[in-house]
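What follows is one structure encoded as structure tokens, with my remarks underneath.
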Amino acid sequence: MSLPKMTRLPSVRLLSSIHQHHQMLFPSITPLPAPRRAVSQGEYRRPGKPKEDKFPWQPINFGFSKGVEGIKKHFTLLKKEFSERWVGPEGKPILEHMLEQNRVMWEFRGPESLDQWTVSSDHEIGGQSEAYLKLGKNNNTCFLYGTLSSTPPKDGETRYSGYCTMRSKRPQASFDRKKHHDWSSFNTLHLRVRGDGRPWMINIGAETYFSHQKDDMYNYFLYTRGGPYWQDVQIPFSKFFLTNRGRVQDDQHPLWLDKVNTIGFTLGDKADGPFQLEIDFIAVSKDYAHTEEFAYELYKKNPNV
């Protein structure tokens, strides 16, 4: 019995014949297109939020009057910077700057003082908390109030919620250049507040070397007593500990007092209900009795052998 004669096809013809047979057997199945990554990635959009089909430049106001106002504003700031340089550091004589022991950074004496602050809550991510900012009864204090709710939004992704925060705007020099608060001559944060007994978190943001450290914050606790009486709170800067997105870091280091950007107050004690915090002023001071440099353990990167 003789075996049938088999012919050897070249590899190219063999592949083409297999492809033709596949098309004959499965004519309705089309290959799935490979997902292509977008060239430009936009901002993160939470589930359930409608997509905005707008170009990035559409919300910008290109009006002539706004441009003139911006030019006047920035040249006024530039003139102020030059004049302060001739007087001394931050517009003060050098002797007064060296002997300064107290400096009021923020005080609330009119509606324009509220423009230096921003208020936010978990309402921005679909939560139910609400926070508002206004002047006190005599227009001499800042009154932060609202309602805290720890109910997470029903978006299938967020598991925790319930926070309200008030944060100062970052200072800017002329033509939107970076500017920092220089508190290197002081060692204590001084507050005059009146709360409702809730614990708050004080957040201080400083300039960082690298972009991945942009979420680094220095935090410490503010315990309000409640009731009608004011309380003067003095917290040394050495007590502030380093966190990143709410997590305490193992590698701690002191706060850079010469490059402070913002200060804020956050409420997130998971006690649902109304809240209020009244602030008279926020200042920095020099306490000569306090000699502590940093209250927490510092890791030695290259220990001596």
Side-chain angles (χ1 to χ4, degrees), residues 77 80-81 84-85 87-92 94-107 116-118 120 165-193 200-222 233-266 268 279 281-303:
L77 291 174
K80 183 180 178 182
E81 291 176 18
E84 288 180 350
R85 290 285 184 176
V87 177
E90 298 186 5
K92 299 179 181 179
I94 185 65
L95 185 60
E96 180 182 348
H97 179 76
M98 293 175 61
L99 299 178
E100 188 178 20
Q101 298 184 13
N102 299 280
R103 182 188 301 174
V104 178
M105 300 302 303
W106 292 277
E107 58 181 353
Q116 304 176 9
W117 297 84
T118 57
S120 62
T165 181
M166 165 186 171
R167 189 175 183 179
S168 65
K169 293 182 180 179
R170 183 171 180 169
Q172 288 184 334
S174 58
F175 301 102
D176 294 336
R177 291 179 294 117
K178 285 185 178 181
K179 187 180 179 182
H180 313 287
H181 298 295
D182 188 1
W183 297 347
S184 55
S185 302
F186 310 96
N187 61 0
T188 304
L189 180 68
H190 187 187
L191 309 169
R192 190 167 188 262
V193 299
W200 291 75
M201 181 74 77
I202 304 177
N203 316 308
I204 297 180
E207 188 68 14
T208 57
Y209 272 126
F210 306 103
S211 60
H212 69 273
Q213 297 173 336
K214 61 184 178 62
D215 295 322
D216 287 359
M217 299 290 291
Y218 286 86
N219 307 92
Y220 199 72
F221 308 102
L222 171 63
V233 182
Q234 294 185 0
I235 304 174
F237 290 121
S238 61
K239 301 295 184 181
F240 283 82
F241 51 89
L242 177 64
T243 64
N244 183 276
R245 295 186 178 182
R247 298 181 181 272
V248 181
Q249 301 299 295
D250 293 333
D251 189 6
Q252 295 283 328
H253 54 80
L255 171 65
W256 291 352
L257 293 175
D258 59 336
K259 293 186 180 298
V260 175
N261 292 330
T262 61
I263 186 172
F265 304 89
T266 301
I279 305 174
F281 65 82
I282 303 171
V284 290
S285 61
K286 177 70 173 179
D287 185 5
Y288 289 96
H290 183 78
T291 58
E292 183 183 50
E293 295 183 1
F294 197 56
Y296 309 102
E297 180 183 5
L298 297 175
Y299 285 92
K300 206 167 186 180
K301 296 298 181 71
N302 297 314

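In this text the structure is predicted, and so the values were computed from the model without any measurement. Sequence positions, counted from 1, serve as the residue numbers for this chain.
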Considering residues, nucleotides and ligands other than Gln213, do more than 12 of their heavy atoms fall under 6.0 Å from its CD? yes
Check: Leu77 main-chain N/O paired with Ser174 side-chain donor or acceptor under 3.5 Å: no
Value rounded to 0.5 Å, distance of OG1 in Thr262 from NE2 in His181: 8.0 Å
Keeping the roles fixed (side chain from Gln249, backbone from Arg247), state whether a donor-acceptor pair exists under 3.5 Å. yes
How long is the gap from OG1 on Thr188 to CD on Gln234, to the nearest 0.5 Å? 6.5 Å
If you round to the nearest 0.5 Å, how far is NZ of Lys286 from CZ of Arg103? 12.5 Å
If you draw a 6.0 Å radius around OH in Tyr288, do more than 12 non-hydrogen atoms from other residues or ligands fall strictly inside? yes
State, to 0.1 Å, how close His290 and Asn187 come at their nearest heavy-atom pair, and which atoms those are. O-ND2, 3.4 Å
Run Arg177 and Glu81 through salt bridge (Lys or Arg N to Asp or Glu O under 4.0 Å) and show every step you take. CA-CA 12 Å; Arg177 291 179 294 117; Glu81 291 176 18; 2.7 Å; yes
Return the CG to CD distance between Asp250 and Glu297, rounded to the nearest 0.5 Å. 10.0 Å
Answer yes if the ring centres of Phe281 and His190 are under 6.0 angstrom apart, and no otherwise. yes
How about CZ on Arg167, more than 12 heavy atoms from neighbouring residues, nucleotides or ligands closer than 6.0 Å, or not? no
Separation of Leu189 CG from Ile263 CD1 (nearest 0.5 Å): 4.5 Å
Under 30°, 30 to 60°, or over 60°: which ring-plane class applies to Trp183 and Trp106, parallel, tilted or perpendicular? perpendicular
Main-chain N/O of Thr165 paired to Thr266 side chain as donor or acceptor, under 3.5 Å: no
Excluding sequence neighbours, so at least two apart, what forms ring-ring contact (aromatic ring centres under 6.0 Å, His included) with Phe265? none
Closest non-hydrogen atoms of Asp251 and Leu242, given as atom of the first, atom of the second and distance, are O-CD2, 3.7 Å
Given 3.5 Å as the limit, does a donor-acceptor pair link the side chain of Tyr220 with the main chain of Asn203, or not? no
When you compare the side chain of His180 with that of Arg170, does any pair of heavy atoms fall below 4.5 Å? yes
